[in-house]
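Data first, discussion second: the structure below is written as structure tokens.
If you're wondering where the values come from, they're calculated on a predicted model, not measured in any experiment.
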Amino acid sequence: MAADILVTGSCNMDLITYAPRLPLPGETIHGTRYVTGFGGKGSNQCVAAAKLGAKASMIAKVGNDAYGKEYIENFKALGIDTGHVTMTEDACTGVAPIVVGADGTNSIIIVPGANLHLTESDIDAASSLFQSAKVMLCQLEISPESTLCALRKAKGAGVFTIFNPAPAPQKELDTDFYKNVDIVCPNETEASTITGLEVTDVESAKVAVPHLLKMGCGIAIITLGKDGCVFASKEREEPCWVKGEKVNAVDTTGAGDAFAGALAFFFAKFPHLPLEEKLRRSCYVASDSVCREGTQKSYPYRRDLPEEIFA
């Protein structure tokens, strides 16, 4: 399948507990509800783009278990190419226990499992996908070596690359990461880790975003949740703020992935839109997603959004 968007990344099963608030360290509280759902930053971003109307392919690894089989079937139901979503006997499918408070805030622990068994050989085996894709997305829920392999392969094939350095890297990344990405797109926490600067709001993001740009990428974006995002580019080095949409948040889980998937969609399908407009529309999609519970199931289909978003 010739895909608009290729995602190399993770598949996790979300194990979600809803509670009045997040527990304090050492505290036990009663939850109100428990559900499971499909998650993982890579697959979230792939699903977000696919639901907007992109042809999407995924390179990923799941366990040969019930969750892994369910995962592949879910991709197929959404029209996502699974030719390079492979199973391993050596680890379980990744899981992510999540607690969601009544105010929509969340706390997440990731057990990567099979995700860390996605190797450079698996990526090499998917070479044909890199020849047709317009945009590739990567994150840091698979090994850094495999992520960098995918970025290099995409860049070598002339594919536009978006790197979401999430979760925040535990050690300094190889400088080749930034040299092989067109866009680096962390949230405020990740940007703080990468730049060594405290990023908490729009003004501090404006200070930090040029530091990301100097690392070698073409465009640097820091997402700020309800406050939208701040960006700068080689063509527009002065940091610029794109305001977020005001909504009543129900569940913020996966909103950053909705933004990244939407951004890939707009770069692939509306390449001539101004960058600021692509970002505004991506913020709109992310804001829409937090109005519903869950992760991938909260992401809107094209039919759910105003038609002017696609004009």
Side-chain angles (χ1 to χ4, degrees), residues 1-12 40-47 49-50 54-65 68-69 71-72 74-76 78-94 110 112-167 169 171-185 216-218 257 260-261 264 267-268:
M1 169 178 147
D4 300 311
I5 293 169
L6 172 61
V7 181
T8 303
S10 57
C11 297
N12 291 329
K41 292 183 181 299
S43 51
N44 287 349
Q45 293 172 18
C46 191
V47 167
K55 292 180 180 178
S57 292
M58 186 86 198
I59 302 173
K61 185 83 73 174
V62 296
N64 188 7
D65 52 30
K69 292 167 185 172
Y71 224 108
I72 290 173
N74 182 60
F75 277 145
K76 290 179 178 177
L78 291 166
I80 293 169
D81 173 39
T82 61
H84 291 278
V85 180
T86 54
M87 288 184 164
T88 179
E89 300 283 353
D90 297 327
C92 66
T93 299
I110 296 168
N115 292 306
L116 295 184
H117 290 256
L118 184 69
T119 66
E120 294 175 46
S121 295
D122 293 312
I123 293 163
D124 287 338
S127 290
S128 61
L129 297 180
F130 292 87
Q131 302 307 313
S132 60
K134 297 174 183 174
V135 177
M136 191 194 72
L137 277 162
C138 278
Q139 316 77 31
L140 287 174
E141 285 186 339
I142 60 174
S143 74
E145 295 78 14
S146 295
T147 302
L148 184 52
C149 174
L151 287 169
R152 285 171 172 159
K153 187 175 284 290
K155 200 66 176 173
V159 179
F160 190 88
T161 52
I162 300 175
F163 175 44
N164 173 218
K171 60 181 181 179
E172 190 171 344
L173 294 173
D174 189 311
T175 56
D176 267 11
F177 270 92
Y178 303 102
K179 293 174 183 176
N180 283 281
V181 299
D182 292 294
I183 293 178
V184 63
C185 182
C217 59
D257 296 330
F267 266 94

(message) My understanding is that only residues two or more places apart in sequence, or in another chain, count here; which of them pass side-chain hydrogen bond (donor to acceptor under 3.5 Å, both in side chains) with Asn164?
(response) Gln45
(request) Check whether any side-chain heavy atom of Asn64 sits under 4.5 Å from a side-chain heavy atom of Lys69, and report yes or no. (result) yes
(request) Look up atom CG in Leu151 and atom CD1 in Ile162, then write down how far apart they are to the nearest 0.5 Å. (result) 11.0 Å
(request) Return the set of residues passing side-chain contact (heavy atoms from CB on, under 4.5 Å) with Leu78 (not counting sequence neighbours), or none when no residue passes. (result) Val47, Lys51, Asn74, Ile80, Tyr301
(message) List the residues meeting side-chain contact (heavy atoms from CB on, under 4.5 Å) with Ala268, not counting sequence neighbours, and say none if there are none.
(response) Asp4, Ile5, Lys134, Val135
(message) To the nearest 0.5 Å, what is the distance between CG on Leu148 and OG1 on Thr175?
(response) 9.0 Å
(request) Apply side-chain contact (heavy atoms from CB on, under 4.5 Å) to the pair Thr8 and Ser146, showing each step before the final yes or no. (result) CA-CA 9 Å; Thr8 303; Ser146 295; over 6 Å; no
(message) Taking the side chain as everything from C-beta on, heavy atoms only, tell me whether Ile72 gets closer than 4.5 Å to Val62.
(response) yes
(message) Quick one, Pro167 and Lys41 - any side-chain contact, counting heavy atoms below 4.5 Å?
(response) yes
(request) Of all the heavy-atom pairs spanning Ala50 and Ala56, show the shortest one and how long it is. (result) CB-CB, 4.3 Å
(request) Grab the two heavy atoms, one from Gly94 and one from Asn115, that are nearest each other, plus how far apart they are. (result) CA-ND2, 3.9 Å
(message) Applying ring pair (Phe, Tyr, Trp, His ring centres under 6.0 Å), can you list everything that pairs with Phe130, at least two apart in sequence or on another chain?
(response) none
(message) For a quick test of reading the model, state the closest non-hydrogen atom pair linking Cys11 to Ser43 and the distance between them.
(response) CA-OG, 3.8 Å
(request) Could you walk me through whether Thr93 and Tyr71 pass side chain to side chain donor-acceptor pair (under 3.5 Å), step by step? (result) CA-CA 9 Å; Thr93 299; Tyr71 224 108; over 6 Å; no
Run the side-chain donor-acceptor check on residues 176-184: report pairs under 3.5 Å with partners two or more places apart or on a different chain.
residue: Asp176; atom: OD2; partner: Arg152; partner atom: NE; Å: 3.4
residue: Asp176; atom: OD2; partner: Arg152; partner atom: NH2; Å: 2.7
residue: Asn180; atom: ND2; partner: Asp176; partner atom: O; Å: 2.8
residue: Asp182; atom: OD1; partner: Lys155; partner atom: NZ; Å: 2.7
residue: Asp182; atom: OD2; partner: Lys155; partner atom: NZ; Å: 3.1
residue: Asp182; atom: OD2; partner: Thr161; partner atom: N; Å: 2.9
residue: Asp182; atom: OD2; partner: Thr161; partner atom: OG1; Å: 3.3

(request) With sequence neighbours excluded, tell me which residues meet side-chain contact (heavy atoms from CB on, under 4.5 Å) with Thr119. (result) Ser121, Asp122
(request) Just jot down the salt bridge (Lys or Arg N to Asp or Glu O under 4.0 Å) partners of Asp174, sequence neighbours excluded, or say none. (result) none
(message) Asp65: which residues meet the salt bridge (Lys or Arg N to Asp or Glu O under 4.0 Å) condition with it, sequence neighbours left out?
(response) none
(message) Return the CG to CD1 distance between Leu118 and Ile142, rounded to the nearest 0.5 Å.
(response) 5.0 Å
(request) Decide yes or no for Lys55 and Asp81: does some side-chain heavy atom of the first lie under 4.5 Å from some side-chain heavy atom of the second? (result) no
(request) Compare all side-chain heavy atoms of Ser57 with those of His84 and state whether any distance is below 4.5 angstrom. (result) no
(request) Quick one: closest heavy-atom pair of Cys149 and Ile123, and the distance? (result) SG-CG2, 4.0 Å
(request) Mind checking side-chain contact (heavy atoms from CB on, under 4.5 Å) for Ser128 and listing every partner two or more places apart, or none if nothing turns up? (result) none
(request) Under the side-chain hydrogen bond (donor to acceptor under 3.5 Å, both in side chains) rule, collect the residues that match up with Gln131, sequence neighbours excluded. (result) none
(request) Output all residues satisfying side-chain hydrogen bond (donor to acceptor under 3.5 Å, both in side chains) with Thr86, sequence neighbours left out; order by chain, then residue number. (result) Lys61
(request) Kindly give the heavy-atom pair with the smallest separation between Cys138 and Thr147, and that separation in Å. (result) CB-CG2, 3.7 Å
(message) If the condition is side-chain hydrogen bond (donor to acceptor under 3.5 Å, both in side chains), which residues does Ser10 pass it with, not counting sequence neighbours?
(response) Glu141
(request) Side-chain contact test, heavy atoms from C-beta onward, threshold under 4.5 Å: evaluate it for Lys153 versus Val159 and give yes or no. (result) no
(request) Taking all heavy atoms of Ser143 and all of Leu116, pick out the closest pair and write down the distance. (result) N-CD2, 3.9 Å
